[in-house]
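We name chains A, B, ... by the order of the sequence lines, and we start the count at 1 in each one. Note that the structure is a prediction, hence the values are computed from the model and not measured.
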Amino acid sequence: MSEIETNETERQARYNPAEIEPKWQARWDADPKLYTAEGHDSGKPKFYCLEMLPYPSGQLHMGHVRNYSIGDALARFMWMRGHNVLHPMGWDAFGLPAENAALKNNTPPRDWTLQNIAAMKKQMRRMGLSYDWSTEVATCLPDYYRWNQWFFLKMYETGLAYRKKSKVNWCPDCQTVLANEQVVNGRCWRHEDTIVEQRDLTQWFLRITKYADELLDGLEKLEGWPEKVRTMQRNWIGRSEGALVNFAVEGGSSKEATADPSTSLRSAQDDTAGGTGQSAQGDACSVITVFTTRVDTIYGATSVQLAPDHAVAKAFAAEDADLAAKIEALREEQKKARESDDFGAIEKHGVNTGRFAINPFNGERVPIWVGNYILADYGTGAIMSVPAHDERDFEFAQKYGLPVRRVIAAEEGEQPDLPFTAEENAVLINSREWDGLSCTEAQQKMAAFAKQNGFGEPTVTYRLKDWGVSRQRYWGTPIPMVYCENGHAGVEPGGVVALPASALPVLLPESIEITQEGGSPLGKVPEFLHTTCPVCGGPARRETDTMDTFVDSSWYFYRYTDAKDDTTPFSSEKANYWFPIDQYIGGVEHAILHLIYSRFWTKVMRDLGMINNDEPAERLFTQGMVIKDGAKMSKSKGNVVSPDDMIARYGADATRMYALFAAPPDRDLEWQEEGVAGISRFLGRVYRLANKYAETTRLGRIPSLVSRTQTDQALLRTLHQTIAKITLDFSGRWHFNTSIAAIMSLVNEIVAAEAAIDAGQASPAAVAEIVRNLVLLLAPFAPFFAAELWEQIGEEGVVFRTPWPVADEELARENEIEIPVQVNGKLVNVIKVPADADQDEIKAAALADEKVKARVEGRNVVKVIVVPGKLVNLVVK
RNA sequence: GCCCGGAUGGUGAAAUCGGCAGACACAGCGGACUUAAAAUCCGCAGACCUUAACCGGUCGUGGGGGUUCAAGUCCCCCUCCGGGCACCA
């Protein structure tokens, strides 16, 4: 062979992703039906594979690459297993960055967003992701957001959407309201340095608390979700059973309290559907309702504690300037502490109002205090303080010298030190007729007693609050409500009127100047603002707030099933075929926000009769973060690795495969470029092998494996073991790192057998079988690569529509296995025995081994442990 | 403070049911090919001790204890790292 020919051959056999990937990308793009799901009559089992849709920032990052590589491998695998796969993608396209970009570059948010979508879509195609673009959803387009409006009207009709004035979290940077879920340690979730302020605004709310119990109970059934996510949601919902008890205020109040709705006696219950009726609405100051989970300790209550914002505290303050100043100081302390990271560390302060309340159980007068550690927005904003049985109350009582009275005792044994907070094996004492009851029993009976006598009731309190969805932003879904200037019969002027569905969509005005000034930008667009009332035809103003973008992502995956529908959000028939999502994949950072709203929205749609499923997703997978130099990739740390760079250097296949190989998908992944290079080298080896045996593979398709050579047998055994292993990995554990390692081992073995193959010691049919299956095994991980080799070895059809290989147990079986032999637990030798050898045979073989004999000689074999297929351990003395 | 993860060679990791710890890679070292280098291929490779070398030995999965013939894996205690919740009454 001449030198020129050698070079020529080498060049041909060289793996060049820069050439083959664009080639296949172009071919796939030319076939728009390639990844299109079939209908419900396909006769195949359905599989809905979903990755969380990205915000169109304009750039894919490594977190996306990882997320989508996992989803894509799974989707392709399921296709090869004969499923009807829905694998869609879309854009969470409303949101603040588009407005910020508009300010900065003077680009309209819409243009900026659509450009970014185009750029990211191109990157996704370059990655070779198997999305069905015919179902693409962009939430910022009217054909999507009109259905947000439609849902809003439905919720308004059914009482799930309502308006109330309330204290809201206001981010001065975003110039808008944030949901509780978007406030992290008193700061904005998007602006770590910005302290969230409290403002009073009238806002639209969605009554998610109506579903609090179902959202909580449903978690039990979500076995395909990570326990971690379920726990986070449980904590977030924060269900707490207890009782409300009314303490009469001694002497009542001379003035009517100017009760703020958010701090009324039942503020927490305002959020639940309707509430359950409660007295004391008339004179807010004649009664203090406390919430307690330990009504059984009420005989030990030695004070009542109010939040500084409590209506009664305000009423007292109104009569006493000195007290007002002290309460104001407490309020300030509380506010500061809430804004800092550690509200929990606040030093407890309080002030005695000098007034008294009456414990309805024993008629005792207890002083009313205001405490800086009492939260206005949890429970009723008032507690009964039982120092003997609550750590916080104990601390407070010690500080201010309040009495401590033990009313709970351990059932048996010595009485523990105070505060004694246990409920298990504890009984009531010093509680008159309740003495001797267990805590749990007393809690129920005493709450029921309170209800019978009209001074309380059992109740349930949640940490979860109704979802405030109003945002004073431009780039979001307009809320489809108007305020009629004339008013209507029975409705005050400025009455709230819902638009009819026929008026939808309420379009976002196209030309708008974005400024940084506060208030809703839509309020400055006269042609948007001024409209007519759908009821009376008179002048009306539109609602100028837009919806929280979490509305968009709460139901987008239903739209995928019927993305072009212009008469309904989606067809129930289609949704019921595809739902629930079989596998949802995304980052754990959405464990509470997105994933709890999605569950809520699903239940609402079910109750509207649109779908049958109770939960959106059967299984959820949360992948780990991508780390570089030990830290999360971020611009500020300067450790960002660009997917484009990686793809340019090593190709999409190597980049994707590395993302799967470097760590199990649920763990954090340290990005090391050398690792990507390693994968690229591995693919190069496979490429060379497949090329070398391409001819043999083409010709060797005859099923002539009757007489197998030793080489055939050894290679086929490893092949079928590998098939079995990878198939198993896909079925649940998803440790693709070990799947890929197994393929590497197979390749190493083929390379080691090359000399034998070339010497004619392998049959062409076996070589063909191995090369062909090797390509199939790689198809979910490296689709461009597999498609190219599939063609080169002369196969017809689309590689990732070819049936996934089935492991042949016969071929995979070892006929001889290695058994380690230990003496007193230490490895002495490894012996070979037939795979089907029984205990006695293995034992005999072990005892006959020379090394073992030498070790045992002169000592007593006390015991022989034989674990067939595993090991032998001789216990020797 | 409470609840979940995690800690294994120089690095990423593997060991799926209590059974050979370190598969598979990366980086490294040695060799082949080359005028040379790159690429590629072959080989070595947990630490320590012993030896001229082979051979051989000891230790070793964050630390300490325990169960077991056998522990990275199970039990108890502790340390550190990451995440979530947190005066939620």
Side-chain angles (χ1 to χ4, degrees), chain A residues 10 14 185 226-236 238-240 242 268 290-294 297 305 307 334 337 342-348 371-375 377-386 390-393 395-396 461-463 588-589 591-592 624-625 627 630 632 658 661-664 666-679 681-682 684-685 688 725 728-729 732-733 735 737-745 747-748 751-752 754 818-830 862-867 869-876:
Chain A
E10 275 176 3
R14 180 163 248 157
N185 291 328
E227 192 50 50
K228 180 183 173 152
V229 172
R230 296 200 277 170
T231 305
M232 283 166 76
Q233 292 207 354
R234 250 176 233 124
N235 289 339
W236 191 263
R239 182 189 153 99
S240 175
V290 303
F291 172 69
T292 177
T293 55
R294 293 296 306 275
T297 64
Q305 300 279 338
Q334 186 172 70
D342 49 356
F343 184 62
I346 189 175
E347 199 189 330
K348 289 181 185 55
N372 66 348
Y373 67 104
I374 309 298
L375 302 166
D377 56 5
Y378 182 79
T380 59
I383 65 157
M384 62 178 200
S385 175
V386 185
D390 183 282
E391 301 211 9
R392 297 154 300 183
D393 295 345
E395 189 190 329
F396 193 86
T461 295
Y462 301 90
R463 210 187 82 103
V588 75
E589 64 273 19
I592 38 183
M625 284 189 300
I627 300 286
K632 187 178 177 180
Y658 175 74
F661 177 70
D666 51 339
R667 266 212 250 171
D668 287 351
L669 181 156
E670 169 80 28
W671 195 271
Q672 290 177 317
E673 188 170 337
E674 297 82 6
V676 191
I679 297 288
R681 279 199 293 273
F682 164 72
R685 273 198 296 281
R688 184 186 64 80
K725 192 215 161 1
L728 185 67
D729 282 341
R733 219 172 66 120
H735 281 203
N737 54 330
T738 63
S739 308
I740 293 167
I743 299 175
M744 288 173 168
S745 294
V747 170
N748 290 346
V751 169
E754 249 184 292
E818 295 191 330
I819 299 276
V821 182
Q822 299 177 336
V823 172
N824 289 341
K826 283 187 183 173
L827 183 68
V828 171
N829 204 4
V830 178
V862 183
K863 197 173 176 184
V864 181
I865 291 125
V866 180
V867 186
K870 292 286 184 186
L871 64 33
V872 177
N873 190 12
L874 307 175
V875 185
V876 165

If I take atom [atom1] in residue [X] and atom [atom2] in nucleotide [N], what distance separates them, rounded to the nearest angstrom?
X: A:N748; N: B:C41; atom1: CG; atom2: C1'; result: 13 Å
X: A:I374; N: B:C88; atom1: CD1; atom2: P; result: 9 Å
X: A:R667; N: B:A15; atom1: CZ; atom2: C1'; result: 12 Å

Whole-angstrom distance between [N] and [M], as gauged at atom [atom1]:
N: B:A7; M: B:G63; atom1: C1'; result: 12 Å
N: B:U61; M: B:C3; atom1: C1'; result: 26 Å
N: B:A70; M: B:C20; atom1: C1'; result: 12 Å
N: B:G62; M: B:G5; atom1: C1'; result: 16 Å
N: B:A15; M: B:U73; atom1: C1'; result: 9 Å
N: B:C17; M: B:G12; atom1: C1'; result: 27 Å
N: B:G10; M: B:C85; atom1: C1'; result: 38 Å
N: B:G1; M: B:A23; atom1: C1'; result: 42 Å

hbond_proxy A:K826 side chain to B:U58 base (donor-acceptor, 3.5 Å cutoff): no
A:R681 side-chain N/O to B:A25 phosphate OP1/OP2 under 4.0 Å: no
Side-chain heavy atoms of A:K863 within contact of A:V876, under 4.5 Å: no
Ring geometry between A:F396 and A:Y373 (parallel below 30°, tilted from 30 to 60°, perpendicular above 60°): tilted
Could you list all N or O pairs between the protein and nucleotides 65-72 of chain B that sit under 3.5 Å apart?
| residue | atom | partner | partner atom | Å |
| --- | --- | --- | --- | --- |
| B:C69 | O2' | A:N873 | ND2 | 3.3 |
| B:C69 | O2 | A:N873 | ND2 | 2.7 |

